[in-house]
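What follows is a short report on a single structure.
No experiment lies behind these values; they were computed from the predicted model shown.
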Amino acid sequence: MTSGHPGASDQDLVTAGVARYEIRVRGRMSDAALSTFEGMDVETAPTETVLHGPVVDQTGLHGLLDRIQSLGLELIEVRRLPPGDKTAS
């Protein structure tokens with residue numbers, strides 16, 4: 001049995017309790033580099049790329065940060081988004 005609020009979608013039930021993060025890196029990432037961040041939403045600006053999406057646990061977060069480092073990207077900011085926030089601000 002799965003419990004949830006009435007009207008909650010299956011996606012909401014699956015991601016309940018999963019933290020969402022916003023990760024900013026300097027510059028624009030190539031499509032090849034972006035493809036390694038499956039499951040993350042992407043926003044590009046002239047001077048930075050913003051990734052945001054669910055991160056299951058600290059191991060997953062460290063994996064994302066390791067991937068950023070291995071791609072030679074400059075990390076600008078990592079921010080945990082407030083619960084219920086579905087987009088980056």
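When all heavy atoms are compared, the tightest approach of Glu22 to His52 is CA-CB, 4.1 Å. Nearest heavy-atom pair, Pro54 versus Met40, reported as atom, atom and distance to 0.1 Å: O-SD, 4.1 Å. Minimum heavy-atom separation, Arg28 to Pro46: CG-O, 4.1 Å. Considering all non-hydrogen atoms of both residues, Gly60 and Val55 come closest at C-CG1, 3.7 Å.
Separating the CG atom in Leu51 from the CD1 atom in Ile68 is a distance of 6.0 Å, to the nearest 0.5 Å. Atom CD1 of Ile23 and atom CG of Leu64 lie 5.0 Å apart (nearest 0.5 Å).
Within the structure, every pair that satisfies the salt bridge (Lys or Arg N to Asp or Glu O under 4.0 Å) test and touches residues 44-60, not counting sequence neighbours, is listed here: Arg24-Glu48. Pairs of residues two or more places apart, or lying in two chains, that qualify as salt bridge (Lys or Arg N to Asp or Glu O under 4.0 Å) and include a residue from residues 60-74 are Arg26-Glu74.
Counting non-hydrogen atoms of neighbouring residues, nucleotides and ligands closer than 6.0 angstrom, the CD atom of Glu38 reaches no more than 12 such neighbours.
Cluster membership for Tyr21 and Ile76, using ILVMFWY side-chain heavy atoms within less than 4.5 angstrom, is not shared. Follow the hydrophobic side-chain contacts under 4.5 Å out from Val18 and you never reach Leu65; the two are in separate clusters.
Put simply, the side chain of Phe37 does not reach to within 4.5 Å of the side chain of Thr49, judged on heavy atoms. For the pair Val78 and Leu61, the minimum side-chain heavy-atom distance is below 4.5 Å. Looking at heavy atoms from C-beta onward, Met29 lies out of side-chain contact with Val42 at the 4.5 angstrom threshold. Within the 4.5 Å cutoff, side-chain heavy atoms of Arg20 are placed close to those of Asp41.
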